[in-house]
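The structure under discussion appears below in the form of structure tokens.
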Amino acid sequence: MEKKEMRAVYAETLIDLARENPDIVVLDADLMKANGTAAFAKAFPDRAVDCGVAEANMVGVASGLSAAGKIPFASTFACFASRRAYDQFFLSANYARLNVKLVGTDPGVTAKYNGGTHMPFEDLALMRVIPGLTIVEPSDPTSLAGFVRLAAAHRGCVYMRMPRTAANVLYGAAETFAFGKAKVLREGGDAAIVALGSVMVNEALAAAEALAAEGTHAAVIDALSLKPLDLDTLLRYARSTGRVVTCENAQIAGGLGGAVAEAILEAGVAAKFARIGIRDEFGEVGTVEYLIERYGITAAHIAAAVRSLT
Amino acid sequence: MEMHELETAAREIRRSIVATIARAKGGHMGASLSEVDILTALFFGFMRCDPAAPEDPERDRFILSKGHGSEGLYCSLAHRGYFPQAMLDDYLGHDSPLTIHPTRHTPGVEMNTGALGHGFSNAVGVALSAKKSGRRFRTFVLTGDGELQEGTNWEAAMAAAHFKLGNLVVIVDNNRLQLADTVENTMRIEPLGRKFEAFGFEVRGVDGHSIGELLGVLGGLDYEGERPHAIIAHTVKGRGVSFMEGVPEWHHRIPTGEEAARALEELSK
């Protein structure tokens with residue numbers, strides 16, 4: 001399968017946008033090389049702002065830039081974007097109804113050898129409770145480019161989660177995306193696997209393949225937009241299959257699993273339900289392959305969860 | 001405006017603050033009275049701003065980082081004509097935009113502040129935007145002295161100097177008191193001037209209750225240069241009302257009817 005480096009796509013898309021829109025500015029906190037935004041800084045040195053190792057101030061500065069009419073995209077590791085700069089993002093950006101795009105890189109297990117200090121499993125839960133915030137986790141390079149463009153055009157704050165390294169290309173260049181819209185990557189009438197982000201969507205596709213060999217046909221839904229959630233699609237598949245498994249590279253509390261469970265219960269849909277994700281644990285050091293096994297979020301775990309819903 | 005007119009405006013703003021807080025039975029008396037002369041100098045004497053065009057992209061910006069001084073800001077904005085003074089009568093009302101900490105819903109308010117340590121970073125962003133867009137407006141941010149115990153202020157100070165924001169002025173309302181006690185007893189911030197100098201600021205000290213001195217300092221700064229400015233304004237918390245001046249409990253005490261009447265009488269002289 002074709003792969004592309006996510007951070008390269010992020011930077012290329014911002015460079016294209018900056019050519020079209022003079023208000024686009026890009027901030028980072030000493031991680032321009034790590035996050036790929038160094039390429040933007042090279043193309044537009046006057047519109048790239050390195051705030052040094054001071055993430056809270058970076059988001060406060062981004063809010064000020066927004067108040068004066070700029071469209072700031074601020075990136076840093078997702079652990080800092082959420083935990084370190086939360087008060088600034090909550091108050092200066094969101095409560096003030098400004099227009100700040102915050103991009104958290106290395107979400108969950110993709111922080112790999114940086115381990116527990118740098119491994120954000122909690123960012124989705126933290127961000128979901130910010131009123132009016134739009135939250136997306138693109139699953140591949142095409143959807144990443146699409147959502148960066150949507151974020152730039154959207155008047156309001158956006159939080160986006162993104163691995164830095166190469167990810168499988170799942171969508172063709174002509175695919176279009178929208179906030180609040182999921183994508184059905186694989187049809188199936190026996191169960192619905194709802195996954196968020198590149199790691200989990202790829203595991204979910206592998207799980208569906210394994211289940212198909214046993215005669216169980218699971219649909220795979222790429223959630224993409226955690227907030228707003230695509231209730232129409234999710235509830236339709238919950239009703240038609242009666243079996244839902246959510247998959248996220250994050251704490252199951254408050255993230256995708258929580259959101260889908262709330263939606264299904266509130267809609268009065270009777271469906272068997274299981275969550276794949278991090279169960280109240282801190283991060284550890286390791287490869288992605290090691291960590292997904294360690295936390296029980298592999299294709300095999302997803303398939304087992306589907307089988308258990310009988 | 002002549003000096004005596006500015007001083008009259010400051011006195012009227014102080015009377016409005018006392019009346020507004022007493023009526024609403026909420027607010028921060030000491031912090032609001034302490035900042036009045038600074039706000040008067042800025043809004044009535046120095047800043048390029050027009051209440052009829054509060055969104056003018058070329059306007060000078062003022063950010064009240066010490067957001068608990070909102071009544072001082074609201075009364076200054078109302079007297080300056082940003083909104084009708086009758087709106088002050090509904091301060092803290094359920095449908096009023098005039099909340100205890102200011103938000104951008106109120107004309108003339110640039111940022112949502114009140115949780116301390118946010119406004120300085122916001123001001124760096126606003127000033128940076130001016131520099132990047134080639135606009136000549138100036139950005140003024142007023143912090144409390146106790147507020148400078150929040151570490152983000154020093155991240156912002158570092159960034160202001162690094163980005164060479166000569167168009168940015170941080171004014172410290174240096175009234176030496178915070179919520180419960182003196183700043184000195186709570187968490188020492190001195191030597192403040194030397195701290196700002198070390199961060200790369202051009203630093204001036206001023207009597208924060210002398211509108212003339214404030215205007216002199218504001219008028220003498222180089223806004224086109226590369227060094228950001230810090231004005232340490234020496235003030236008295238509760239300034240203008242004898243029994244509130246320098247008394248920590250007036251940080252957020254609400255005057256009784258009799259106390260409010262006495263305060264208004266003192267401020268009418």
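Letters A, B, ... are given to chains in the order of the sequence lines, protein chains preceding strands, and every chain is numbered from 1. Just so it is clear, the model here is predicted, and its values are computed rather than measured.
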Measuring heavy-atom distances to chain B, does Ala54(A) have an atom under 4.5 Å in its side chain, in its backbone, in both, or in neither?
-> both
Could you name the residues of residues 104-119 of chain A that have a heavy atom within less than 4.5 Å of a heavy atom in chain B?
-> none
Polar contacts chain A-chain B (donor-acceptor, d < 3.5 Å, no H, no angle):
from     : atom 1 : to        : atom 2 : distance (Å)
Asp46(A) : O      : Lys132(B) : NZ     : 2.7
Asn57(A) : N      : Glu155(B) : OE1    : 3.1
Asn57(A) : OD1    : Ser121(B) : OG     : 2.6
Gly60(A) : O      : Asn122(B) : ND2    : 3.0
Lys70(A) : NZ     : Ser133(B) : OG     : 2.8
Asp87(A) : OD2    : His118(B) : NE2    : 2.9
Ser92(A) : OG     : His118(B) : ND1    : 3.1
Ser92(A) : OG     : Asn122(B) : ND2    : 3.3
Tyr95(A) : O      : Asn112(B) : ND2    : 3.1
Ala96(A) : O      : Arg104(B) : NE     : 3.2

Under 4.5 Å from a heavy atom of chain B, the part of Leu27(A) involved | neither
Go through the atoms of Phe120(B) and report whether side chain, backbone, both or neither lie under 4.5 Å from a heavy atom of chain A.
-> neither
Under 4.5 Å heavy-atom distance to chain A, tell me which part of Ala123(B) shows up: side chain, backbone, both or neither.
-> neither
Given side chains that start at C-beta, do those of Leu65(A) and Val126(B) come closer than 4.5 Å, heavy atoms only?
-> no
Under 4.5 Å from a heavy atom of chain B, the part of Val49(A) involved | side chain
